[in-house]
Amino acid sequence: MADKLPDIPTTPLAARMRPRCLSDYVGQSHLLAEGRPLYKAVADDRLHSMILWGPPGSGKTSLAMTIAESTKARFVTLSAVTSGVKDIRQVMSEAGKARQQGEKTVLFVDEVHRFNKAQQDAFLPYIEDGTIIFIGATTENPAFELNRALLSRARVYVIKPLSEHDISQLLRKALSEDAWLRALQLELTPEALAALARAADGDARRALNLLEMAAMTVDAPGQTLDIDALGDILHLDVRAFDKGGDLFYDQISALHKSVRGSQPDASLYWLCRMLDGGADGHYIARRLVRMASEDIGNADPRALTVAVNAWQSYERLGSPEGDLALAQAVVYLASAPKSNAVYTAFKQAMQDVRQLPSYAVPVHLRNAPTKLAKTLGHGKEYQYPHDDPSGYIPGIQYFPDEMTPRTYYQPVNRGLEQKIAEKLAWIARRESEHKAGKS
């Protein structure tokens with residue numbers, strides 16, 4: 001008769017493995033290595049208010065709890081999703097009473113960026129007078145999402161995704177220290193452990209959840225799970241991807257810069273990272289169209305056509321069939337000759353338009369749809385370029401009369417813009433000859 005399996009705990013493994021002191025904490029050595037400022041502040045019991053900024057599962061909540069536990073302070077939590085100003089005031093009242101009795105209060109606010117300005121401002125006086133030590137956790141860039149007043153009173157610490165080495169260490173720690181896993185006598189082959197660490201994608205909570213799911217598949221104590229036994233569990237993995245946060249913008253930035261840098265392989269990698277993580281293909285398609293104009297322009301005008309066609313294909317097919325059209329466009333754009341001449345010219349022209357007065361259109365360029373317009377001379381002196389055998393008539397002012405002509409567009413010596421540059425040079429010679437003839 002097979003040995004009886006131990007009862008499955010009601011508390012998740014991730015909660016059971018929360019560290020109790022800094023020596024139990026895994027990862028973030030850039031902050032918690034001995035001698036680092038945050039380590040010293042905790043070890044010396046000289047806490048300060050702080051913002052922990054990092055991706056989900058990187059250990060922000062665990063770090064806040066460990067800090068409170070290490071300093072023997074009261075640990076109180078608020079959720080920005082469910083709490084309001086009334087809840088904040090109640091916590092502050094209790095913290096004030098605890099302070100009178102010589103007890104410190106660490107207030108941990110998860111998802112602090114979800115609090116509005118008024119709610120964030122409600123913390124300020126209590127931080128200033130020492131009623132609380134404020135620790136806020138956020139997955140969003142604090143510089144964009146938190147009030148400047150709150151940021152000025154708290155130090156920001158960047159919490160990094162855990163490395164595969166960190167995750168492996170955490171999994172081994174759980175196997176050796178968790179009472180349920182020890183009772184199961186569960187073991188993993190090195191390949192299985194590495195696969196779990198890799199599938200966690202830097203997320204400690206995901207790693208422990210995957211390990212717990214794997215443990216629930218055994219039918220007798222003392223089993224060793226290999227990578228084949230983890231197959232179904234690993235297929236449940238969902239890559240880390242925050243569709244509205246910094247990770248999203250970092251990855252689209254990496255894609256754009258890889259295309260601009262003429263690296264089709266790296267561009268494909270970042271495209272696949274985004275698609276695998278659940279990014280909206282329509283958004284990617286829009287960005288590809290932008291890249292075609294901003295970074296390729298007239299060096300290869302076909303790039304814009306390819307990008308638009310890829311967008312239309314994706315709209316018709318959706319994912320996954322339409323993903324290949326996006327990939328085709330990414331490879332073409334990355335491989336195409338590059339020019340930002342149109343982009344630069346557009347920015348310079350727009351700057352002039354915004355800074356200079358709204359000059360009138362020169363009379364010879366104006367429309368003349370009515371008799372009144374014609375009597376006012378609109379379009380009277382206009383010369384039709386097609387009447388000239390060369391298709392160009394020099395000496396005509398196309399800018400406003402009050403404005404010195406500008407040279408915004410300066411084509412590069414790549415792709416089709418080489419031909420465009422030759423044409424513009426020919427036009428410049430015609431203008432120069434015209435001026436010389438008049439003088």
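Sequential numbering from 1 along the given sequence is applied to the chain's residues. Atoms considered below: every heavy atom in the structure, side chains included; atoms not considered: hydrogens, waters and symmetry mates.
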Taking atom [atom1] of [X] as the centre, does the number of heavy atoms from other residues, nucleotides or ligands within less than 6.0 Å exceed 12?
X	atom1	value
His165	NE2	no
Tyr408	OH	yes
Glu34	CD	no
Tyr398	OH	yes

Any side-chain heavy-atom pair from [X] and [Y] closer than 4.5 angstrom?
X	Y	value
Pro362	Leu365	yes
Gln169	Lys173	no
Glu69	Phe75	no
Ile67	Phe108	no
Phe134	Val112	yes
Leu188	Thr224	no
Pro385	Tyr392	no

Examine distances only and state if a side-chain atom of [X] and a backbone atom of [Y] form a donor-acceptor pair shorter than 3.5 Å.
X	Y	value
Gln119	Asn116	yes
Ser152	Ala149	yes
Lys338	Ala334	yes
Lys60	Pro55	yes
Trp53	Val156	no
Gln185	Gln223	no
Asp226	Ala229	yes
Gln120	Asn147	yes
Thr217	Ala214	yes
Glu164	Ile167	no

* Asked: Who passes side chain to side chain donor-acceptor pair (under 3.5 Å) against Thr138, sequence neighbours left out?
  -> His113
Are [X] and [Y] linked by a side-chain donor-acceptor pair shorter than 3.5 Å?
X	Y	answer
Lys160	Ser58	no
Tyr39	Gln28	no
Arg18	Ser62	yes
Asp250	Ser253	no
Gln263	Tyr269	no

* Should Arg182 and Asp178 count as an ion pair when the cut-off is N to O under 4.0 Å? -> no
* To do: Using a strict 4.0 Å threshold on nitrogen-to-oxygen distance, state whether Arg260 and Glu294 make a salt bridge.
  => yes
Please report, to 0.1 Å, the donor-acceptor pairs under 3.5 Å made by any side chain of residues 317-330, with sequence neighbours excluded.
unit_1, atom_1, unit_2, atom_2, d
Ser319, OG, Asp323, OD1, 3.3
Ser319, OG, Asp323, OD2, 3.0

From [atom1] ([X]) to [atom2] ([Y]), nearest 0.5 Å:
X	Y	atom1	atom2	answer
Asp387	Gln383	CG	CD	9.0 Å
Leu255	Leu333	CG	CG	9.5 Å
Leu424	Gln410	CG	CD	10.0 Å
Ile296	Tyr343	CD1	OH	14.5 Å

* Measure the acute angle between the ring planes of His48 and Tyr157, then classify it against the limits of 30° and 60° as parallel, tilted or perpendicular. => tilted
* Structure fact -> salt bridge (charged side-chain N to carboxylate O under 4.0 Å, His left out) filter on Arg430, not counting sequence neighbours, yields none
